[in-house]
Amino acid sequence: QVRLVESGGGLVQTGGSLRLACVASGRTSSSYAMGWFRQAPGKEREFVAAISWSGSVIYYNGSVKGRFTISRDNAKNTVYLQLNSLKPEDTAVYYCNADSRVERVSSGFGSWGQGTQVTVSS
């Protein structure tokens, strides 16, 4: 079981930026894909981005493509999500997840972190 801890959330104005981080621990000896989801109040959790172990395969939700960037540092067991040009509709709790394959991660499978709150003020 991979244990995940997110950080980096906060309050930011429209147009601002944040960088989220998710550190994996536990059974990290084997390769795993990682991803980000978000859940706004009253809405279902939605996929944001996912990245393969090597970083060669990356998926984005169309609503964030061009504004958000996912990356990872395997030496630090960490995945990042750079959030730029933030909008009030990006306000949500952001969760990271990890699983063996990027397709499974983007479908919502695997281990989950506890989430970090991102609030964008207008």
Side-chain angles (χ1 to χ4, degrees):
Q1 183 95 11
V2 175
R3 193 162 55 251
L4 304 170
V5 178
E6 302 96 333
S7 63
L11 174 64
V12 64
Q13 291 185 335
T14 296
S17 297
L18 285 173
R19 189 174 82 152
L20 308 182
C22 175
V23 179
S25 61
R27 295 182 62 181
T28 58
S29 59
S30 56
S31 62
Y32 51 94
M34 299 185 78
W36 291 93
F37 280 69
R38 66 185 180 185
Q39 187 166 20
K43 295 188 177 181
E44 293 187 355
R45 190 173 296 190
E46 70 168 352
F47 169 73
V48 176
I51 186 168
S52 63
W53 169 256
S54 67
S56 62
V57 179
I58 291 177
Y59 298 143
Y60 289 104
N61 181 318
S63 67
V64 306
K65 198 170 185 179
R67 299 189 299 122
F68 294 3
T69 302
I70 190 170
S71 62
R72 66 187 297 163
D73 183 339
N74 290 338
K76 296 181 179 179
N77 293 324
T78 301
V79 65
Y80 303 97
L81 187 68
Q82 178 68 41
L83 287 63
N84 295 331
S85 302
L86 282 162
K87 307 174 182 179
E89 52 264 42
D90 294 318
T91 295
V93 178
Y94 284 71
Y95 299 89
C96 74
N97 69 327
D99 207 300
S100 56
R101 296 176 58 187
V102 67
E103 293 80 7
R104 289 181 56 83
V105 166
S106 62
S107 296
F109 292 99
S111 302
W112 290 88
Q114 83 291 345
T116 186
Q117 176 71 47
V118 171
T119 302
V120 184
S121 63
S122 57

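Because the structure is a prediction, the values reported are computed rather than measured.
- A search for salt bridge (Lys or Arg N to Asp or Glu O under 4.0 Å) contacts involving Arg104 returns Asp99, not counting sequence neighbours.
- The two residues Ala50 and Val105 come nearest to each other via the heavy atoms CB-CG1, 3.9 Å.
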> Can you check side chain to side chain contact (heavy atoms under 4.5 Å, CB included) on Cys22 and Trp36, steps first, answer last?
Replying inline: CA-CA 9 Å; Cys22 175; Trp36 291 93; 3.7 Å; yes

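- Residues Val118 and Val79 share a hydrophobic cluster, clusters being chains of Ile/Leu/Val/Met/Phe/Trp/Tyr side chains in contact below 4.5 Å.
- The disulfide bond (SG atoms under 2.5 Å apart) pairs that include a residue from residues 36-73 number zero, where partners must be two or more places apart or lie in different chains.
- Asn97 places no side-chain N or O within 3.5 Å of a backbone atom of Gly108 that could act as its donor or acceptor partner.
- In this structure Glu103 satisfies the salt bridge (Lys or Arg N to Asp or Glu O under 4.0 Å) test together with Arg101, sequence neighbours excluded.
- Proximity of a side-chain donor or acceptor of Gln39 to a complementary backbone N or O of Val93 within less than 3.5 Å is not detected.
- Considering all non-hydrogen atoms of both residues, Met34 and Ala98 come closest at CG-CB, 4.1 Å.
- Qualifying side chain to side chain contact (heavy atoms under 4.5 Å, CB included) partners for Ser52, counting only residues two or more places apart in sequence or in other chains: Ser54, Ser56, Val57, Val102.
- In this view, Asp90 and Arg38, Arg67 satisfy the salt bridge (Lys or Arg N to Asp or Glu O under 4.0 Å) rule, not counting sequence neighbours.
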>> side chain to side chain contact (heavy atoms under 4.5 Å, CB included) for Val23 and Leu4? Distances and angles first, verdict last.
In response: CA-CA 6 Å; Val23 179; Leu4 304 170; over 6 Å; no

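- Looking at residues two or more places apart in sequence or on another chain, you find no salt bridge (Lys or Arg N to Asp or Glu O under 4.0 Å) involving Arg19.
- For the atom pair Ile51 CD1 and Ser106 OG, the distance stands at 13.0 Å (nearest 0.5 Å).
- Sorted pairs that involve residues 69-87 and meet salt bridge (Lys or Arg N to Asp or Glu O under 4.0 Å), not counting sequence neighbours, are lacking altogether.
- To the nearest 0.5 angstrom, Thr119 atom OG1 is 10.5 Å from Leu86 atom CG.
- For the pair Ile70 and Ile58, the minimum side-chain heavy-atom distance is below 4.5 Å.
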Please set out all donor-acceptor pairs under 3.5 angstrom arising from side-chain atoms of residues 9-18, sequence neighbours excluded.
{"from": "Thr14", "atom 1": "OG1", "to": "Ser121", "atom 2": "O", "distance (Å)": "2.8"}
{"from": "Ser17", "atom 1": "OG", "to": "Asn84", "atom 2": "OD1", "distance (Å)": "2.9"}

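- Side chain of Thr91 to main chain of Val120: a donor-acceptor pair is present (N/O by atom type, distance under 3.5 Å, no hydrogens or angles).
- Applying the disulfide bond (SG atoms under 2.5 Å apart) test to pairs two or more places apart or on separate chains, none has a residue in residues 34-82.
- For residues 59-93, the set of pairs meeting the ring-ring contact (aromatic ring centres under 6.0 Å, His included) definition, not counting sequence neighbours, is empty.
- Counted within 6.0 Å of CD on Gln114, heavy atoms from surrounding residues, nucleotides or ligands total more than 12; the atom is thus considered enclosed.
- What you find for Ala24 and Val2 is that their closest heavy atoms are CB-CG1, 3.7 Å.
- The disulfide bond (SG atoms under 2.5 Å apart) analysis of residues 33-78, with sequence neighbours excluded, yields no pairs.
- Sequence neighbours left out, the pairs with a member in residues 88-122 that pass ring-ring contact (aromatic ring centres under 6.0 Å, His included) are Phe37-Trp112.
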